[in-house]
Amino acid sequence: MTMGFSRIRSIVVLTGAGISAESGLSTFRLKDGLWDNHSVEDVATPEAFLRNPALVHEFYNARRQQLSSVVPNAAHEALAKFERNFSGDFLLVTQNVDDLHDRAGSENLIHMHGELLASRCSNCAAIARINHDLTTNSVCSNCQCAGTLRPDIVWFGEIPMGMEQIYTALAKCELFVSIGTSGNVYPAAGFFQEAKIAGALTVELNLDPSERATGFDIRHYGPATRLVPEFFSTAVRGLSTVDTPCQYP
């Protein structure tokens, strides 16, 4: 298929757990993932935190500690490199709560489900960067209250972050690329439809077809560390010649 990347001026990329899995992070819903040991109701809802904050802290502390043992992979790095070379509008939206995109150098980035390396105070709403464990006795550095900190994570039943900015970008994007997502968690699962309404070309790069794979214009399956660098390096080459479309099979 011929893709004139040099003519595309607005791109939105969505990433999910599949892109971080190749760095060694356990994914959300896979059989061997960390979530197997706990139900969603136990660790990922506001009600769970009210019921047993110690368990919720223990769960997210373990996930936060895992970050020190992993590094960004070729897929993360390819996206950051593309962003640096692209002169148009580029937005990277991730469902992941890890910091691998950040460490790879991505800048125009929204963590729609929050971040492991941040805390939020339920008393004063202050957000703080953290790299340590949280407990039920942790003290907010802003209001000095103890026991009011929670992970800055969007739990089930809560509104994802940056939605206004995301939908604004989707409404004008010309290329939408979904990477490593299951396609079963809304609102992210519906982003490609918003992009299609705007007239964008939609692409799925995934290990396996997502639940909504047939709705995408282009679909390629395999490891993200292979597909993403291939796809976006082709895009970078296309940017160098304004009138010459680049080829992608």
> Can you find a pair of side-chain heavy atoms, one from E158 and one from F156, that are under 4.5 Å apart?
Replying inline: no
> Minimum heavy-atom separation for N184 to A189, with atom names?
Replying inline: N-CB, 4.3 Å
> Donor-acceptor pair, H113 side chain versus N96 backbone, under 3.5 Å?
Replying inline: no
>> Would you compute the distance between atom CG of N52 and atom OG1 of T136 and round it to the nearest 0.5 angstrom?
In response: 10.0 Å
>> Is it the case that over 12 heavy atoms from other parts of the model lie below 6.0 angstrom from the CD1 atom of I159?
In response: no
> Is L91 close to Q165 at the side-chain level, that is, under 4.5 Å between some pair of heavy atoms?
Replying inline: yes
> With a 4.5 Å heavy-atom cut-off, do V228 and L205 have their side chains touching?
Replying inline: yes
> Is L92 close to H101 at the side-chain level, that is, under 4.5 Å between some pair of heavy atoms?
Replying inline: yes
>> If I compare all heavy atoms of F232 with all of A78, which pair ends up nearest, and what's the gap?
In response: CB-O, 4.5 Å
> Do V12 and L14 have side-chain heavy atoms sitting under 4.5 Å apart?
Replying inline: no
>> If you compare all heavy atoms of A118 against all heavy atoms of I130, which two are closest, and at what distance to 0.1 Å?
In response: N-CG1, 3.7 Å
> Does E107 pair with K81 as a salt bridge, N-O distance under 4.0 Å?
Replying inline: no
>> I'd like to know if the side chain of T148 reaches the main chain of C121, judged simply by a donor and an acceptor atom lying under 3.5 Å from each other, with no hydrogens or angles considered.
In response: no
> Considering all heavy atoms of both residues, which atom of L149 and which atom of S138 are nearest to each other, and what is their separation?
Replying inline: CD1-CB, 3.9 Å
> Quick one: do I19 and F90 end up in the same hydrophobic cluster if we chain Ile, Leu, Val, Met, Phe, Trp and Tyr together by side-chain heavy atoms under 4.5 Å apart?
Replying inline: yes
> Any sub-3.5 Å donor-acceptor pair from S69's side-chain atoms to Q66's backbone N or O?
Replying inline: yes
> Taking the six-membered ring for Trp, are F86 and F82 parallel (under 30°), tilted (30 to 60°) or perpendicular (over 60°)?
Replying inline: parallel
>> What I want to find out is whether R63 reaches D98 closely enough, with some N-O distance under 4.0 Å, to be called a salt bridge.
In response: no
> At what distance, to the nearest 0.5 angstrom, does CZ of F216 lie from OG of S210?
Replying inline: 5.0 Å
> Is R9 paired with D89 through a side-chain N to carboxylate O contact shorter than 4.0 Å?
Replying inline: no
> Do E194 and I166 touch side chain to side chain, with heavy atoms closer than 4.5 Å?
Replying inline: no
> Are N206 and H220 close enough, and set up right, to give a side chain to side chain donor-acceptor pair (under 3.5 Å), and what steps lead you there?
Replying inline: CA-CA 7 Å; N206 219 353; H220 292 288; over 6 Å; no
> Do you know which of N61, D152, D99, I153 makes side-chain contact (heavy atoms from CB on, under 4.5 Å) with L116?
Replying inline: I153
> Is it true that E115 and R129 make a salt bridge, defined as a side-chain N closer than 4.0 Å to a carboxylate O?
Replying inline: yes
>> Under a 3.5 Å cutoff, is there a donor and acceptor pairing between the side chains of T15 and T94?
In response: yes
>> Return the CG to CG distance between D217 and L201, rounded to the nearest 0.5 Å.
In response: 5.0 Å
> How far apart are the closest heavy atoms of D42 and A48, and which atoms are they?
Replying inline: O-CB, 3.3 Å
> According to the interplanar angle, ranging from 0 to 90°, do the rings of F176 and F191 count as parallel (below 30°), tilted (30 to 60°) or perpendicular (above 60°)?
Replying inline: perpendicular
>> Nearest 0.5 angstrom please: Y221 OH to L227 CG, how far?
In response: 10.0 Å
>> Between S178 and T181, do the side chains contain a donor N or O and an acceptor N or O under 3.5 Å apart?
In response: yes
>> What's the separation between atom SG in C173 and atom NZ in K196, rounded to the nearest 0.5 Å?
In response: 11.0 Å
> So, T225 versus E22: side-chain donor-acceptor pair below 3.5 Å or not?
Replying inline: yes
> How many angstroms lie between atom NE2 of H57 and atom CZ of R150, to the nearest 0.5 angstrom?
Replying inline: 10.0 Å
> Between P187 and P160, which heavy-atom pair has the shortest distance, and what is it?
Replying inline: CD-CG, 3.7 Å
>> Can a donor-acceptor pair be found, under 3.5 Å and without considering hydrogens, that links the side chain of R64 to the backbone of N131?
In response: no
>> Side chains of C124 and C140, heavy atoms from C-beta outward: is any pair under 4.5 Å?
In response: yes
> Quick one: does H76's side chain have a donor or acceptor within less than 3.5 Å of a partner on N73's backbone?
Replying inline: yes
> Does S182 reach the side chain of E211, with side-chain heavy atoms less than 4.5 Å apart?
Replying inline: no
>> Whether the side chain of S106 engages the backbone of D102 through a donor-acceptor N/O pair (distance < 3.5 Å, no angle test) should be reported.
In response: no
> Passes salt bridge (Lys or Arg N to Asp or Glu O under 4.0 Å), R84 versus E77? Steps please.
Replying inline: CA-CA 11 Å; R84 289 193 296 271; E77 291 166 355; over 6 Å; no
